[in-house]
Novice: 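The structure that follows is given in the form of structure tokens.
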Amino acid sequence: VSMRGWLTAAVAALTFLTPAGVRADEKIVIEATRLAPPVLRTMTGHRVTFLNRTQRAAHVEFARDGGEHHLVQVPVGGPIWAIFHRAGTHPYVVHVYGKRTDTLAGAVEVVEDALHNKWEPPACAVNVMGVCIEP
């Protein structure tokens with residue numbers, strides 16, 4: 001199987017794993033020298049997509065991982081997105097790789113959507129590079 005075929009299959013599989021209750025797709029744009037917006041405000045259960053506009057490899061890393069969010073990243077230019085399950089501030093860094101590694105810092109401020117999303121600690125079915133992926 002070619003690398004392109006593998007990546008296409010991986011993206012399709014990860015899209016299938018997106019929880020059915022997700023109601024929004026909000027965006028954070030990764031640029032060469034900044035994140036836009038640097039702080040995004042959203043509600044629990046909403047999907048936040050990170051759009052890499054740098055033409056370089058990028059990696060998103062949250063400061064803590066206690067099950068309060070799910071982060072999905074497909075290497076080498078694939079999609080990056082997160083779904084937040086717990087209210088609060090979720091600080092993160094983006095490492096942008098090239099001749100040098102640049103680090104950009106941002107945060108996602110999440111408020112509780114009490115009507116649709118009650119947070120419970122997840123039972124992790126699959127853990128990939130420290131990121132819990134539920135079926």
Side-chain angles (χ1 to χ4, degrees):
V1 176
S2 72
M3 179 61 122
R4 172 175 243 137
W6 182 88
L7 284 174
T8 301
V11 169
L14 290 173
T15 301
F16 176 73
L17 292 175
T18 302
V22 174
R23 293 175 308 287
D25 189 9
E26 301 172 28
K27 294 174 180 42
I28 296 172
V29 178
I30 303 168
E31 298 176 356
T33 59
R34 70 184 187 114
L35 300 167
V39 177
L40 177 76
R41 288 167 185 80
T42 189
M43 296 180 77
T44 54
H46 287 206
R47 177 175 166 159
V48 175
T49 300
F50 293 82
L51 299 172
N52 182 0
R53 300 289 188 229
T54 67
Q55 302 299 315
R56 296 164 42 196
H59 179 263
V60 176
E61 182 177 346
F62 281 89
R64 63 182 185 273
D65 185 14
E68 59 269 349
H69 58 264
H70 287 114
L71 176 64
V72 174
Q73 303 183 72
V74 176
V76 192
I80 304 170
W81 51 267
I83 297 174
F84 298 89
H85 306 292
R86 180 181 275 177
T89 301
H90 300 257
Y92 66 91
V93 294
V94 178
H95 300 287
V96 182
Y97 302 102
K99 290 182 180 177
R100 68 174 197 265
T101 300
D102 295 315
T103 302
L104 307 170
V108 178
E109 291 183 358
V110 180
V111 296
E112 185 76 32
D113 180 355
L115 184 61
H116 295 101
N117 293 291
K118 179 154 177 63
W119 185 80
E120 296 178 14
C124 190
V126 177
N127 193 318
V128 177
M129 295 176 55
V131 177
C132 180
I133 301 175
E134 291 183 35

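Remember, it's a predicted structure, so these values are computed and weren't measured experimentally.
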Novice: Can you name the side chain to side chain donor-acceptor pair (under 3.5 Å) partners of Arg53, sequence neighbours left out?
Specialist: none
Novice: Work out which heavy atom in Ala82 is nearest to a heavy atom in Leu71; give both atom names and the distance.
Specialist: CB-CD1, 4.1 Å
Novice: Tell me every residue that passes ring pair (Phe, Tyr, Trp, His ring centres under 6.0 Å) with Phe50, counting only those two or more places apart in sequence or in another chain.
Specialist: Tyr92
Novice: Just by distance, do the side chain of Gln73 and the backbone of Val60 share a donor-acceptor pair under 3.5 Å?
Specialist: yes
Novice: Yes or no on side chain to side chain contact (heavy atoms under 4.5 Å, CB included) for Leu35 and Ile30, after CA distance, side-chain angles and deciding distance?
Specialist: CA-CA 5 Å; Leu35 300 167; Ile30 303 168; 4.0 Å; yes
Novice: For Asn52 and Ala58, which heavy atoms make the closest approach, and how far apart are they?
Specialist: ND2-CB, 3.4 Å
Novice: Quick one: which of Val39, Leu51, Val94, Val48 gives a side-chain contact (heavy atoms from CB on, under 4.5 Å) with Ile28?
Specialist: Val48
Novice: Please check: side-chain N/O of Arg56 versus main-chain N/O of Tyr97, any donor-acceptor pairing under 3.5 Å?
Specialist: yes
Novice: Return the minimal non-hydrogen interatomic distance between Thr42 and Phe84, and the atom names on each side.
Specialist: CG2-CD1, 4.5 Å
Novice: Between the side chains of His90 and Glu68, is a donor N or O closer than 3.5 angstrom to an acceptor N or O?
Specialist: no
Novice: Begin with the C-alpha distance, continue with both residues' side-chain angles, and end with the deciding distance and a verdict on side chain to side chain contact (heavy atoms under 4.5 Å, CB included) for Asp102 and Thr54.
Specialist: CA-CA 11 Å; Asp102 295 315; Thr54 67; over 6 Å; no
Novice: Can you give me the closest heavy-atom contact between Glu112 and Met43, atom names plus distance?
Specialist: O-CE, 4.1 Å
Novice: Not counting sequence neighbours, which residues clear side-chain contact (heavy atoms from CB on, under 4.5 Å) with Val93? List them please.
Specialist: Glu61, His95, Thr103, Ala105
Novice: Where do Arg41 and Glu26 land on the side chain to side chain contact (heavy atoms under 4.5 Å, CB included) test, with the steps shown first?
Specialist: CA-CA 9 Å; Arg41 288 167 185 80; Glu26 301 172 28; over 6 Å; no
